[in-house]
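When a ligand or atom number is given, it counts from 1 through the structure's own listing order. When a residue number appears, it is its place in the shown sequence, counting from 1. This structure is a prediction, so every number in the text was calculated from the model and none was measured.
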Amino acid sequence: MVAVEHHLMHRIFILGPQGSGKGTQARKLSEFLGIPHLSMGQLLREEAERGGELGDKIRGYVDHGVLVPDEVAKLVLVKRLEAPDARAGYILDGFPRNRAQYDGFQEFDQPTAVVVISISRETSMKRLLKRAEIEGRVDDTPEVIAKRLDTYERETLPIIDEYRERGIVRDVDGEADIEEVAKRIQKLFVL
Ligand code: AMP
């Protein structure tokens with residue numbers, strides 16, 4: 001398969017609930033299209049490691065698994081988007097997560113496509129509990145996972161609907177295995 005539309009700058013957002021594999025799929029699509037993968041969580045962790053006033057502030061939130069303030073997330077993202085490699089396009093996962101972030105990004109730019117990976121609550125719960133078992137995380141309890149899924153449904157799904165009305169949403173069933181989902185996503189971006 002040959003990726004097309006190289007002349008067109010891809011600005012692809014990948015969204016989906018916890019456990020949908022959006023980070024993994026964003027990385028795979030990034031390799032396929034040859035444009036950088038930006039992970040909002042990763043960008044914030046890097047900024048926290050850098051320290052300084054902004055980094056220290058971010059670390060306080062990230063370490064507790066709480067969303068950093070929307071303005072801070074936007075600041076870090078916009079700074080990264082201004083780097084030269086992102087001028088050829090990019091794939092972004094983990095942003096926007098709520099209305100304020102959606103509105104904040106609108107002022108800056110527009111995505112060319114929003115890939116939404118959907119899985120059932122049951123699959124999400126099953127995958128996260130398995131991951132928690134492997135990584136030995138104590139904060140991935142069924143109660144906390146349920147709360148995060150509630151937040152996704154309450155805050156992120158409505159903004160996906162906004163993108164849907166603009167005709168740029170591409171839905172992908174995320175129940176299949178990683179390679180199959182990756183193939184389905186690639187097909188959205190080839191002739
Ligand atoms: P993740 O790598 O997606 O699990 O994100 C790790 C952490 O980064 C989260 O617990 C939040 O503290 C922060 N984070 C990630 N994405 C966002 C976002 N869009 N807005 C605010 N904070 C975020």
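- Around ligand 1, the residues contributing at least one heavy atom under 4.0 Å from the ligand are M40, G41, L44, R45, V62, G65, V66, L67, V68, A73, G94, F95, R97, Q101.
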Evaluate the criterion ring pair (Phe, Tyr, Trp, His ring centres under 6.0 Å) for residue pair Y163 and Y102; output intermediate values, then yes/no. CA-CA 10 Å; Y163 287 130; Y102 172 89; 4.9 Å; yes

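- Taking the six-membered ring for Trp and the full ring otherwise, F189 and H10 have centroids separated by under 6.0 Å.
- Between F105 and F13, the distance from one ring center to the other falls under 6.0 angstrom.
- Side chain of Q18 to backbone of A146: no donor-acceptor contact under 3.5 angstrom is found.
- Counting only distance, with no hydrogens or angles, the side chain of D161 and the backbone of R164 share no donor-acceptor pair below 3.5 Å.
- In this structure, R127 contributes its side chain and G19 its backbone to a donor-acceptor pair below 3.5 Å.
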